[in-house]
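What follows is one structure encoded as structure tokens, with my remarks underneath.
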Amino acid sequence: MDLWQLLLTLAVAGSSDAFSGSEDSSGKPKFTKCRSPELETFSCHWTDGVRHGLKSPGSVQLFYIRRSTQEWTQEWKECPDYVSAGENSCYFNSSYTSIWIPYCIKLTSNGGTVDQKCFSVEEIVQPDPPIGLNWTLLNISLTGIHADIQVRWEPPPNADVQKGWIVLEYELQYKEVNETQWKMMDPVLSTSVPVYSLRLDKEYEVRVRSRQRNSEKYGEFSEVLYVTLPQMSPLACEEDFQFPWFLIIILGIFGLTVILLLFIFSKQQRIKMLILPPVPVPKIKGIDPDLLKEGKLEEVNTILAVHDNYKPEFYNDDSWVEFIELDIDDPDEKTEGSDTDRLLSNDHQKSLNILGAKDDDSGRTSCYEPDILETDFNASDMSDGTSEVAQPQRLKGEADLLCLDQKNQKDSSSSNATPATQQPSVILAEENKPRPLLIGGTESTHQAAHTQLSNPSSLANIDFYAQVSDITPAGSVVLSPGQKNKTGISQCDMHPEVVSLCQANFIMDNAYFCEADAKKCIPVAPHVEVESRVEPSFNQEDIYITTESLTTTAGRSGTAERASSSEMPVPDYTSIHIVQSPQGLVLNATALPLPDKEFLSSCGYVSTDQLNKIMP
Amino acid sequence: MLRAMGRDKASLDRMTFDNLTGSLLLLLLLVSDLLLCKSVASLPICPSGAVNCQVSLRELFDRAVILSHYIHNLSSEMFNEFDKRYAQGRGFVTKAINSCHTSSLSTPEDKEQAQQIHHEDLLNLILRVLRSWNDPLYHLVSEVRGMQEAPEAILSKAIEIEEQNRRLLEGMEKIVGQVQPRIKENEVYSVWSGLPSLQMADEDSRLFAFYNLLHCLRRDSHKIDNYLKLLKCRIVYDSNC
């Protein structure tokens, strides 16, 4: 142990000397490298420090010592073979080599240690280069420019790879002949690798080196392998393949254009709307935009204006006065008598008053806004049997307008009647929202049920129309503001012909509509001309009858009459023509040359008898 | 006398019977051994109850070699990092000729010896070496953690090596169980007594202890890796890798 410690110190001193005195270590031999190629033998080389010639090339000796088991052999042994590995080398064959055993070697010159080194054999493994490099052609690209080759080699012969004593991995490098930089491939464990994409018109050099797996140091490179690929055919394609951007852009634009055109000219409304959104049309509440779109300003005007026929009546101050004077807020007040009288009389204006009793409209809504009117009416409690024929316009409102629109389209021909019928409502609208309606309603009731019937606009007035709330024993009808829609509205859906007939487009809401109207509206095409004639569907349930319904029923009963009564005004207001029975009120469908009795009786409120009469 | 004789006769009969039974059993055992030995390569080594456990010897060796290779890689890297970080200029290299605690195990030291040794013995040797490293690796991890500025790279590698070593040990035991099922060897291994040196107060001494341990670890992992590759070629590929 003491000797070993001495040895160690010497080793330290020696190594430090060796390291420090690198400049002027000339002449001092030192180890250059120790190497084991196959983990079975190893050799060490040193430099001979006789450059400077200061020292005589004294005998340089190498001594080694290795630890076996737990102890170091005390003796330094001399190198067994100075020759096999070349000059200034020491070769240890397999019998002297033990793996995983620490070795220390020292170099002595003239008795003095000049260098020392300690290592284990497995740390200094550097395999020999592979042998037997060759290559084979794998394939040539379609363009005839590139090719792939497979390079094969054999492991170094002294490495016992077959028994698995040493496991090697290889690294291949290649380059073009006139290049300077080698291209490196990743290490592989197998003895053949493919090399891709070599150009056919170039010559390549290939070399391989190996190392033990897990080691860091590679062995020497193998001999260079020259790869000469077959020359490419003279008909080789052009090398550069430019992506046809130009072509793609043109095609793309063309395709997009085609698609766009398809969309634009397609019938698909939805897509068309996406691409070419329609210009928003003006919209006035209560007025059918189609009406405006169609450009039938006359009809629009008629809607908005008061019917000519009723104009004077509308503007009748009396009616207005009456209108205003009527106290709607007094629900208890029964103005039946006066109202019914008015209704019965030909003085439509008075009736208008009734209708227009309520004047809550502060102009905040359009005439044709059913909601407001409805509230107004409701508030005024007009439904209470008053003679107010304040039929809320709400019912008709849009429906009326819509129907009016359609009707207008149809009734353009029969505008005579329609304007008349329309006027009242229109005027009403103009003057006073709820009121005009009422007035219109009343007027129509008085005058021209027929006109109103025939007049699509009368539909709008339907809301004004008084509903017959009661029938006096005397046979007069008590009208009160209607709450119900008229069937007329439903009429609108019908085809134009029928629509025209179904002027009194009663809101289906039960209010009152004559079945007659409905019937008439639906199927009666030939009578379309009459247009204004809408057969009011008679809703027996309702006590309220719109004038329309009345008129329409009147009209309906006489289909023949209907034809003639084309300009039956909107049945909103049907004048009470006759009181047929104590229980019934025959409304005078003034516009219609109808067998009033029959007709009127059937429409609106009608006794069951009349109803039966009317109903087929 | 007669009774004694009678007794003797009965016992003799019994003995004869026992002998016969024993010999029969032995014969049976031998036969079974032979059969087992013949088909050692294809015997599946599966614990009872396992469903997909048809692992052949070849696969076991492949896995073991992969593990041992991995462990050696890690220990080499770990050693290099430690050397770079702590051992520069301390002259550990020259001092690190200390023996490793596994040197007492008589492992083959060159190719000839490795080829001459019987594969069963070699397997057992490998097992011993692996077992010997269980304890040092465990302490290595804990001590590296306790080091000042515990180096993350070294610590992670140490942890990984410890785990992989355990797995390799399991794999080796499986292989041994398959190759020589009847031998139940006592768990022989070298005891490691280097813990106190790892915990020394003197920084220099402590670092040297670490250096030494890592050096030994690298060496032993290389040894095991080599043995396993040798055995694989010999057993699985019939010396024709």
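Letters A, B, ... mirror the listed sequences (proteins, then strands); counts begin at 1.
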Part of A:Gln212 within contact of chain B (heavy atom distance under 4.5 Å): side chain
A:Ser94 side chain near B:Lys111 side chain, heavy-atom distance below 4.5 Å: no
Can you confirm whether more than 12 heavy atoms, excluding those of B:Glu203, are under 6.0 Å from its CD atom? yes
Count the heavy atoms belonging to other residues, nucleotides or ligands that lie under 6.0 Å from CE of A:Met184, then report whether that count exceeds 12. no
Under a 4.5 Å cut-off applied to non-hydrogen side-chain atoms, are B:Gln115 and A:Asp160 in contact? yes
Interface moiety of A:Val161 toward chain B, non-hydrogen atoms closer than 4.5 Å: backbone
Interchain contact, A:Ser98 with chain B, by part (heavy-atom threshold 4.5 Å): both
Going by the rule ring pair (Phe, Tyr, Trp, His ring centres under 6.0 Å), which residues pair with B:Tyr227 if we only count those two or more places apart in sequence or in a different chain? A:Trp100
More than 12 heavy atoms of other residues, nucleotides or ligands under 6.0 Å from CD of B:Gln199: is that the case? yes
Greater than 12 external heavy atoms within 6.0 Å of A:Phe63's CZ: yes
With a 4.5 angstrom heavy-atom cut-off, is it the side chain or the backbone of B:Asp225 that approaches chain A, or both, or neither? side chain
Tell me if the OH atom of A:Tyr91 is crowded by more than 12 foreign heavy atoms within 6.0 Å. yes
So that I can tick it off, tell me whether A:Glu123 and B:Arg219 are bridged by a salt bridge, with the cut-off set at under 4.0 angstrom between side-chain N and carboxylate O. no
Output yes when a side-chain donor or acceptor of B:Asn240 lies under 3.5 Å from a complementary backbone atom of A:Gln162, and no otherwise. no
Heavy atoms from other residues, nucleotides or ligands near CD of A:Glu220 exceed 12 (cutoff 6.0 Å): no
To the nearest 0.5 Å, tell me how far B:His215 NE2 sits from A:Ser120 OG. 5.5 Å
Is any side-chain heavy atom of B:Glu109 closer than 4.5 Å to one of A:Ile99? no
By salt bridge (Lys or Arg N to Asp or Glu O under 4.0 Å) - contacts of A:Arg213 (at least two apart): none
Close side-chain approach of B:Asn226 and A:Leu39, heavy atoms under 4.5 Å: yes
NZ/B:Lys223 to CD/A:Glu122 distance, rounded to the nearest 0.5 angstrom? 8.5 Å
Please flag which part of B:Gln113 lies under 4.5 Å from any non-hydrogen atom of chain A: side chain, backbone, both or neither. neither
Examine the side chains of B:Asn80 and A:Glu216 and answer whether a donor and an acceptor come within less than 3.5 Å of each other. yes
CG/B:Asp110 to OG1/A:Thr41 distance, rounded to the nearest 0.5 angstrom? 11.5 Å
Heavy-atom closest contact (B:Cys233 atom, A:Gly164 atom, distance): SG-CA, 3.5 Å
Atom CZ of residue position B:Arg167 - does it have more than 12 heavy atoms of other residues, nucleotides or ligands inside 6.0 Å? no
